[in-house]
Amino acid sequence: MGKTIVCPCHDVTVEDIRATYAAGYTHPETLKRATAAFMGPCQGKHCAGAVMALLRELTGEPAGETAGEPVTRRPTARPPLRPVALGLLAAAAEAGPETRPETGAETGGTGAAGATTGGA
């Protein structure tokens, strides 16, 4: 029998998720760190449904909410939430801080341009 891949970005299989869960990684955040599911270029867009369904199956947790308590949530996606053309980031770095769009870098934030250029 073939392996069922649930995270195509990192080739994580159903067997990997089951083994990781059995090893004690029962929360989506720890499962993410142990298997790299949710961490590919798609940031979980392709695998979140399958991985979370498998995790709910393993925990016996129903889909949806029970008694007003939220079910286990998938790990949060990290920026960028949408694709960003590298040319836009490069242009922002070359333009300098006075012409760059507000990123929060000038006030100590971690905007996209600030993170890419080191805040300079």
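The basis for the numbers below is simple: all heavy atoms, side chains too, and nothing from hydrogens, waters or symmetry mates. Quantities reported herein were computed from a predicted structural model and do not represent experimental measurements.
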Trainee: Over all heavy atoms of both residues, which pair between C9 and C42 is shortest? Give the atoms and the distance, please.
Mentor: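 Smallest interatomic distance, heavy atoms only, reads SG-SG, 3.6 Å.
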Trainee: Nearest 0.5 Å, please: how far is OG1 in T59 from CG in L54?
Mentor: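 Atom-to-atom, L54:CG and T59:OG1 are 9.5 Å apart.
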Trainee: For a 4.5 angstrom cut-off between non-hydrogen side-chain atoms, does L55 reach P28?
Mentor: yes
Trainee: Could you see if L58 belongs to whatever hydrophobic cluster contains V12? Use Ile, Leu, Val, Met, Phe, Trp, Tyr and a side-chain cutoff under 4.5 Å.
Mentor: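 As far as the 4.5 Å side-chain criterion goes, V12 and L58 are connected within one cluster.
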Trainee: Between CD of E15 and OG1 of T4, what distance do you get to the nearest 0.5 Å?
Mentor: 6.0 Å
Trainee: Are F38 and V14 in one and the same hydrophobic cluster, where Ile, Leu, Val, Met, Phe, Trp and Tyr link if side-chain heavy atoms are under 4.5 Å apart?
Mentor: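 Same cluster.
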Trainee: Roughly how far apart are M52 CE and I17 CD1, rounded to 0.5 Å?
Mentor: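 The distance works out to 10.5 Å.
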Trainee: As an exercise, state the distance from CG of L31 to CZ of R33, rounded to the nearest 0.5 Å.
Mentor: 11.0 Å
Trainee: Rounded at 0.5 Å granularity, tell me how far CG in D16 sits from NZ in K3.
Mentor: 7.0 Å
Trainee: Taking atom NE2 of H46 as the centre, report whether more than 12 heavy atoms of other residues, nucleotides or ligands fall under 6.0 Å from it.
Mentor: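 Open.
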Trainee: To the nearest 0.5 Å, how far apart are NZ in K32 and NE2 in H10?
Mentor: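 So the gap between those two atoms works out to 10.5 Å.
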Trainee: List in chain and number order the residues that pass side chain to side chain contact (heavy atoms under 4.5 Å, CB included) with L88, two or more places apart in sequence or in another chain; answer none if no residue qualifies.
Mentor: A85
